[in-house]
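First listed ligand is number 1; within each ligand, the first listed atom is number 1. For reference, positions follow the sequence shown, starting with 1.
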Amino acid sequence: MDASNLKTLIEGIPKAELHLHIEGSFEPELMFKIAKRNSISLDYASVESLKKAYKFNNLQEFLDIYYLGAQVLIHEQDFFDLTWAYLTKVHSQNVVHAEIFFDPQTHTERGIEFGTVINGIYKALEKGTEELNISFKLIMSYLRHLSEEEAFKTLEQSLPYKDWIAGVGLDSSEMGNPPSKFEKVFKASANHGYKLVAHAGEEGPSEYIREALDLLKVVRIDHGNRCLDDDELVERLINENIALTLCPFSNLELKVIQKMEDHPVAKMLDRGLLATIHSDDPAYFEGYMNENYYETAKALNLDKNQIMQLAINAFEASWLSTEAKEKHIAAVTEYFDTWDL
Ligand code: HPA
Ligand code: ZN
């Protein structure tokens, strides 16, 4: 497939995004605008100098700058604008369903009310459904570098809004913060009706993926790259139909892989894993859904069927109703049928 055909093919696919941190969609231009209206001075003089700082050797170097950027978010309107900017961007990329993470502790730790954060995000998501026809689920992530006790406080704060929250996740610094640290709070979260996911096996070992399954009882693994180190685990992920929400640009930028050609997604599809592709933190890694699909497909020489499988897998792994999943998967299949490649 030539490059221009591949690009056009990917642009037209109806897509589901299942691994996106809303704070990671904070584009520098919007960051400067919100900083100005909140009278906050950023450490960088311009959008260009800020973007120059987006060079990371590992997850922690990224997180340090990601948490810094989030500090300019103060008012409900700021969270609304952040979310709305993401939705309009991905609408232009034919994303029709988004399951997005937010990190309440990044904000409540700075004295911002939980309600301020979620009201802004949720109102934008509702507007996205009405005006852009993008369905959504909201996932509250616990920061794993903080204590389980802090996560319990966050769980408590979330309860007045629990009808707005589909599930909980686990993100931030993986090494040294294994899933086992959060066993109790995940159990309590499930008792409140939240679905469960966790980042695991991004930088951490395959053992962390096993812990996320055994101890946290998650239904999806975010990233999960390292599962390929462990054949028995791979078999289990296949048998239990556990999706892996992969993020190729993120993996490349955070040096989880050294070049796109090394990305494990093709191998995972070959083995029958429910692998999907997403953007993680698109403002920092400079690629939304289309760019992630395109660069991955190009580097790994994915064929039409593999690309279609990725798109179908994302709806399959989503938290949509069976009926909605079937409708979206039929639309994907029909779309690919129009391409005679
Ligand atoms: N990994 C862990 N935590 C994160 C990430 C990620 O890729 N993005 C935002 N928080
Ligand atoms: Zn992530």
Side-chain angles (χ1 to χ4, degrees), residues 16-27 31 54-71 73 79 82-83 86 90 98-109 117 121 137-146 150-151 154 167-179 181-182 196-205 208-209 211-212 216 218-227 243-257 263-265 275-289 292 314 317:
E17 168 113 277
L18 306 181
H19 186 159
L20 177 281
H21 303 264
I22 197 64
E23 294 89 350
S25 73
F26 202 3
E27 290 287 347
M31 194 183 291
Y54 291 1
K55 294 210 178 346
F56 317 108
N57 291 305
N58 52 47
L59 174 59
Q60 192 59 51
E61 287 187 14
F62 155 69
L63 290 169
D64 291 344
I65 215 161
Y66 160 88
Y67 294 129
L68 218 58
Q71 287 185 15
L73 298 162
F79 291 94
L82 169 70
T83 310
Y86 166 73
V90 297
E99 301 190 357
I100 71 169
F101 295 115
F102 74 118
D103 289 343
Q105 289 159 296
T106 299
H107 314 296
T108 52
E109 272 212 314
V117 179
I121 295 172
K137 304 283 174 188
L138 188 54
I139 309 172
M140 167 175 90
S141 256
Y142 300 124
L143 298 182
R144 70 202 304 161
H145 66 275
L146 301 178
E150 293 290 336
T154 305
V168 304
L170 186 65
D171 64 4
S172 191
S173 321
E174 188 179 11
M175 296 303 284
N177 295 299
K181 184 176 160 187
F182 296 93
L196 310 172
V197 296
H199 284 53
E202 178 185 17
E203 284 187 340
Y208 282 20
I209 302 175
E211 279 192 14
L216 304 189
V218 300
V219 296
R220 282 197 310 240
I221 296 283
D222 296 308
H223 296 295
N225 297 46
R226 295 286 300 276
C227 75
L244 305 174
T245 64
L246 303 163
C247 304
F249 270 45
S250 167
N251 293 157
L252 192 61
E253 293 300 314
L254 303 185
K255 313 286 189 290
V256 168
I257 55 170
H263 199 275
V265 64
T276 64
I277 282 188
H278 310 288
S279 69
D280 211 4
D281 303 282
Y284 291 90
F285 306 142
E286 295 179 70
Y288 286 77
M289 287 287 278
N292 270 277

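Atom 8 (N) of ligand 1 has its closest protein heavy atom at D281 OD2, 2.8 Å. Of the protein's non-hydrogen atoms, the one nearest atom 5 (C) of ligand 1 is H21 NE2, 3.6 Å.
Ligand-side atoms of ligand 1 in range of H199: 1 (N), 2 (C), 6 (C), range being under 4.0 angstrom from any heavy atom. In the vicinity of E202, heavy-atom distances shorter than 4.0 Å reach the ligand 1 atoms 1 (N), 2 (C), 6 (C), 7 (O). Near D280, with a cut-off below 4.0 Å to any heavy atom, the atoms of ligand 1 are 6 (C), 7 (O), 8 (N).
For H223, every heavy-atom contact with ligand 1 shorter than 4.0 Å involves the side chain, none the backbone. Heavy atoms of F62 found under 4.0 angstrom from ligand 1 belong exclusively to the side chain. Under 4.0 Å from ligand 1, the heavy atoms of L63 that appear belong solely to its side chain.
Atom OD1 is the N, O or S atom of D280 at the shortest distance from the Zn ion (ligand 2).
For an aromatic pair to be called close, the ring centres must be under 6.0 Å apart, and F102 with H21 fails this. A distance below 6.0 Å separates the ring centres of H199 and F101. No close placement of the F182 and Y142 rings is indicated, their centers lying 6.0 Å or farther apart.
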*In sequence, state the C-alpha distance, the side-chain angles, and the governing distance for D171 and R144, and then conclude on side-chain contact (heavy atoms from CB on, under 4.5 Å).*
CA-CA 6 Å; D171 64 4; R144 70 202 304 161; 5.9 Å; no
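For the side-chain contact (heavy atoms from CB on, under 4.5 Å) with V197, the lone residue among L216, T245, D222 that qualifies is D222.
For D103, no nitrogen or oxygen atom sits less than 3.5 Å from a nitrogen or oxygen atom of ligand 1, counting backbone and side chain alike. Polar contact with ligand 1: absent for H19 (N/O pair, distance under 3.5 Å).
Taking backbone and side chain together, D171 holds no N, O or S atom under 2.8 Å from the Zn ion (ligand 2). At a threshold of 2.8 Å, the Zn ion (ligand 2) has no backbone or side-chain N, O or S atom of C247 nearer than that distance.
An angle of 110° is found at the Zn ion (ligand 2) between H19 atom NE2 and H21 atom NE2, rounded to 10°.
Side-chain atoms of D280 and H19 include a donor-acceptor pair closer than 3.5 Å. For E203 and H223, the side-chain atoms include no donor-acceptor pair closer than 3.5 Å. Using a 3.5 Å distance cut-off with no hydrogens or angles, the side chains of E23 and T106 do not pair a donor with an acceptor.
Heavy-atom distances between S172 and ligand 1 reach below 4.0 Å in at least one pair.
Contact detail for P179 and Y208: the closest heavy-atom pair is CG-O, 3.3 Å. Residues V265 and A275 share a closest heavy-atom pair of CG2-CB, 4.1 Å.
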